[in-house]
Structures are given as structure tokens and as C-alpha cells.
Amino acid sequence: MKSLYFTEEHELFRQSVRQFVQKEILPYGNQWEKEEKISRDLFLKLGEQGFLGINHDEAYGGSKADIFYTCAYLEELAKSSYAGVCAAVSVHQYMATNHIAEAGSDELKERFLRPSIEGKKVGAIAITEPFGGSDVQSMRTTAVKDGDYYIINGSKTFITNGHFCDFVVVACKTDSNAGINGISLIVIERETPGFTSSQLKKIGWHSSDTGELAFDNVKVPVSNIVGKEGMGFFYIMESFQIERLVAGILGVGGGEHCLEETLRYMNEREAFGRQIKKFQVLRHEMVQLYTELEAGKQMTYYACWLVQNGEIPVKESSMVKLYMTELSNKIVDKCLQMFGGYGYMEDFPIARAYRDARVGTIVGGTTQIMREILSKIIIDDVRYKKVYSETEEIKSSASPKTEDKKSWGNPQTAKEIIMSIPLRIKKDKAENYSTVFQFDISGENGGQYTLTVVNGDAKIEEGLAGTPECIVTTDAKVYEDIELGRMDPTMAFMGGQNSVKNIGAMMQFAKFFHRI
């Protein structure tokens with residue numbers, strides 16, 4: 001049957017990946033599990049086949065193939081049943097190098113992206129910290145500019161390829177007072193003095209090296225910054241979408257392999273004089289799992305199709321990550337049960353699959369984080385904009401036209417900005433618009449204010465009064481940064497720095513007033 005997403009070329013490519021897995025991964029997987037790292041030769045062999053560049057530009061040795069080549073590639077890697085291998089390769093290819101590919105300078109691309117595509121260098125991405133977890137904005141690792149260098153201090157943990165890599169893309173605070181607008185991405189090479197790492201012991205993913213990193217006055221050139229200073233948080237948030245899709249795609253391949261192996265065992269295993277596939281309770285369990293996997297597969301492919309067509313599908317990729325990682329745990333749990341006591345034995349791959357699958361609902365954003373992101377999108381109507389290609393728009397979206405500034409001056413503090421709102425109402429458009437807003441702004445230059453608009457005429461008064469249509473609660477610094485264009489309001493909202501009750505009313509209000 002003709003696929004909506006895959007062509008004959010995709011399937012031929014899939015076959016070549018399958019052959020590679022059989023020749024270069026399956027014979028060595030158990031040894032890599034024991035050594036708790038994969039061979040560097042695997043990256044070289046992947047590079048020689050062109051696999052590590054299918055998502056990257058031709059200018060640096062890639063092929064920039066459409067995303068369904070990635071689907072075929074990752075699904076076949078996952079069918080190897082060595083999830084640690086999948087983690088090491090996918091983090092290198094779709095996360096560590098992704099930021100360099102999207103926002104890095106030509107120099108960084110030549111130094112790191114090209115050899116990464118060739119398999120000659122292995123990369124890692126370092127965001128998570130010992131005390132931060134999924135809370136990116138609370139990171140403590142700092143990068144202080146000293147002439148033409150950054151001096152970096154801090155630590156990272158749970159870093160895939162962290163003890164094994166040649167370079168790591170590190171999220172740092174380049175401005176400790178700027179919140180999410182003070183985070184930047186900087187490339188640090190393994191041999192840089194002051195950079196140390198130690199390998200962590202894990203329940204699963206044994207063939208994936210996972211490290212804890214420490215930076216003690218690590219000195220790197222300013223030219224090692226990825227993209228623009230202060231844009232790291234936004235780059236991370238956008239890159240999370242491909243990371244979540246990768247998790248979903250690997251879940252599709254891993255789930256299919258798990259079900260196929262279980263069905264094969266059910267054909268071989270007999271109990272009470274017949275094959276166990278004849279027992280209705282087991283038959284029904286299997287078809288239920290196949291049905292749920294097919295649903296997840298189609299959702300994953302649709303999200304990939306959106307990416308292929310230029311969208312940044314935050315909602316769909318978050319749903320894919322949520323659904324597929326939870327489903328992967330369910331599939332492997334139910335399948336292990338089919339094996340009975342043998343499922344608990346290390347000689348059976350289902351045992352490895354069981355411990356490998358568990359981390360899926362944690363890495364790349366926990367199940368709980370996915371649900372909160374989706375709640376903000378679905379319930380609070382939060383929207384997301386591109387950042388790699390629209391950096392300047394995010395930084396300056398709140399800047400007015402020159403002629404607009406004359407009527408309200410140049411307010412800088414939260415109080416001055418709020419008091420200028422009546423002067424910024426577009427009376428020609430708001431003549432039939434009425435509303436009541438309350439602002440509860442904490443911190444210096446904050447306060448409580450009530451804005452009343454009646455048919456386009458607005459007034460602002462201190463204190464809370466009336467029945468508000470919308471309530472804005474935030475910190476004075478955050479409010480100033482949003483209004484002055486230093487912070488993206490969507491990211492502030494998703495990061496929990498800015499609370500808006502009735503986001504629809506806020507969006508309506510935005511149509512009727514000028515930004516600073």
C-alpha cells in the first residue's frame with residue numbers, strides 16, 4: 001500500500017540502514033553494553049555511509065534529506081534493540097550538532113559540524129544541572145566575559161556522551177541578572193584546561209556513556225558562542241521539538257521490534273499443550289498494543305510532516321514525546337509478561353529493553369513537563385514562534401516605530417511603562433473597546449494597578465479596583481524586559497515568570513495599543 005509519507009527511495013534507504021545495523025551494531029552490542037560505551041569506530045562507519053549528515057546541509061558534508069529519511073534511519077537503529085547506541089548517536093546528531101548547524105558561525109561549523117558529520121568528532125549537549133533538572137532558567141553555570149574569552153564555572157549532569165565526547169555545547173549564564181535572556185550556548189572542547197568529567201552508572205542504556213561535567217575557570221574564545229549571546233534559552237526551547245520527535249521515532253522502531261520479538265516467542269512457546277498465542281487473553285493484549293503503537297506512529301509521522309513543511313509543532317511534538325515514551329514503557333512491560341520467567345533473564349533482550357525504556361519518560365522533558373507545556377498551549381492558548389531564523393524579531397518585536405515614541409516618551413521602569421499605557425491606546429481602533437485589567441507587579445518599581453478602558457478612553461490608577469477581565473502577575477524586571485523587547489512574552493509565560501489570567505483577553509487587548 002502506498003504510504004502518505006514514505007517513497008520507494010525512503011524504503012531503499014531504510015534497507016541500507018537495516019543492513020548496516022546487522023553488520024556493524026548487532027555483533028558488537030553486547031560488548032558495548034559491558035564496556036558502557038560504544039566504539040568510536042561506529043561513528044566513523046556511520047559517517048562513511050553518510051548517515052550522520054542526512055539532516056545537515058550539503059555545504060558541510062551532509063545531504064539535508066527530508067525528515068522521513070530520519071524516521072527510517074532512527075526506526076532501524078531502534079530495532080537493533082540497543083537503546084544506549086540510539087541515545088549516543090541521536091544526541092550527537094540531532095541535539096549537540098543541531099544548535100551549531102542552526103545558529104553557529106561558519107567557523108564553528110567547519111571546526112565542529114563538518115567533522116561530526118564525518119564521524120571524526122563526537123558531540124554532547126550540556127543543559128541539565130545537579131540542582132536544576134528540567135528547570136533550564138535556574139541554571140548556575142556561568143560564563144563571564146574577560147576580553148576575548150569567556151571564563152566558565154559550574155557543573156552539568158546526566159550528559160549523554162559527556163565522558164566520551166570531543167566537544168560539548170554548554171548552556172551558561174552570560175548575564176546572571178537577565179533571567180532567561182541571560183542564557184547562552186558555548187562550545188567547549190574536551191581537552192580545554194579545567195574541564196573534567198566522570199562517568200555515571202545507570203539502570204539502563206548501558207552502551208551509552210553518561211557523564212557528570214565540571215568546569216573550573218575554563219577559558220574559551222568568545223568566538224565559541226553559538227548564535228547570539230542571550231539567546232541560548234530560546235534556541236534550547238526550539239531544539240527541544242526535534243529532540244522530542246526523535247524520542248517518538250525511536251519509540252516507534254523500538255516498539256515495533258519489541259512486539260515482533262514477542263510475537264515470535266509466542267509462536268514458539270507452548271503451555272498446556274498449545275502455543276501461547278492461542279490464549280485469547282494474550283491475543284487481545286497484543287492486538288491492543290499493536291493498535292496503540294499504530295496510533296502513536298501516525299501521530300509521530302504527522303508531526304514530522306509539519307516540520308517538513310516549515311512548522312515548529314510544539315504541541316504535536318510534545319504530544320508525541322508524552323504518548324510514545326509512556327507507550328514504550330507499557331509495551332515493554334506487557335511484552336516481558338508474555339515471556340514469563342524468561343523475560344527476567346539477562347539472556348533475553350526483552351530484559352534489556354525493559355530497563356532501557358524506563359528513562360524515556362524522564363529525558364528530554366519529563367511526562368509531567370510535557371503535560372504542563374500542553375496545558376499552556378491547549379488551555380491557556382500560548383503560541384510559539386521560531387527563533388533560529390527570527391532572533392532579531394524576538395529581541396526587537398516590542399520596539400515601536402520612531403514616530404510612535406513621541407506621545408509617551410521613553411519609559412523604562414515597570415511603573416513608568418504601566419502609567420504610559422493610556423497614552424499608547426490606539427483610539428482610532430479602540431473606539432468600541434472596553435475592558436478592565438489588573439497588574440500585580442512585585443519588586444522594585446512594581447506595585448498594583450488597575451487599567452480601565454471605556455470605548456477607547458483609558459485611565460490607570462494605583463491599587464486594585466473593579467472586576468477585572470484579565471489579571472497580570474509578574475516581577476517588575478520581567479515586565480520591563482517584556483515591554484522593552486528584551487524578553488519574549490511567550491517564553492516568559494511558558495517559563496512561569498509571567499502569569500496571565502485570561503490569555504484571550506490579553507491577546508485582544510494587544511490589538512489596541514502601541515508597544516514601547
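- Every pair passing side-chain hydrogen bond (donor to acceptor under 3.5 Å, both in side chains) that includes a residue from residues 35-45 is listed here, sequence neighbours excluded: E24-K45, Q31-E35, E36-K201, R40-D166.
- Of all heavy-atom pairs spanning S90 and L74, the tightest one is CB-CD2, 4.4 Å.
- Ring to ring, F13 and F51 are close: their centroids are under 6.0 angstrom apart.
- Here E268 pairs with R264 in a salt bridge; the nearest charged N to carboxylate O distance falls below 4.0 Å.
- Nearest heavy atom pair, residue T300 against residue G248, reads CG2-C, 4.1 Å.
- Among residues at least two apart or in separate chains, ring-ring contact (aromatic ring centres under 6.0 Å, His included) pairs with a member in residues 181-213 are F195-F215.
- The two residues L52 and G119 make their nearest non-hydrogen contact at CD1-CA, 3.7 Å.
- A donor atom on one side chain and an acceptor atom on the other are not found under 3.5 Å apart for Q368 and E372.
- Shown here for I350 and L336, the closest heavy-atom pair between the two residues is CG1-CA, 3.8 Å.
- When all heavy atoms of A88 and T160 are compared, the pair lying nearest together is CA-CG2, 4.0 Å.
- Other residues, nucleotides and ligands place no more than 12 heavy atoms under 6.0 Å from the OH atom of Y342.
- Sorted by first then second residue, the side-chain hydrogen bond (donor to acceptor under 3.5 Å, both in side chains) pairs that include residues 207-217, not counting sequence neighbours, are E33-S207, N153-N217, T157-E212, K202-T210.
- More than 12 heavy-atom neighbours from other residues, nucleotides or ligands sit within 6.0 angstrom of OH on Y60.
- Around CG of L12, the count of heavy atoms belonging to other residues, nucleotides or ligands within 6.0 Å exceeds 12.
- Within a 6.0 Å sphere centred on CD of Q298, other residues, nucleotides and ligands contribute more than 12 heavy atoms.
- Side-chain N or O atoms of R190 include one that pairs as donor or acceptor with a backbone N or O of G162 at under 3.5 Å.
- Here E76 pairs with R14 in a salt bridge; the nearest charged N to carboxylate O distance falls below 4.0 Å.
- When the shell of 6.0 Å around CZ of F158 is examined, it contains 12 or fewer heavy atoms from other residues, nucleotides or ligands.
- The closest donor-acceptor contact from the side chain of D333 to the backbone of N329 lies at 3.5 Å or more, if one exists at all.
- Between the side chains of T7 and E9, at least one donor-acceptor pair of N or O atoms lies under 3.5 Å.
- In plain terms, the two heavy atoms of V332 and A353 that are nearest each other are CG2-C, 3.5 Å.
- Between the H257 side chain and the S80 main chain, no donor and acceptor come within less than 3.5 Å of each other.
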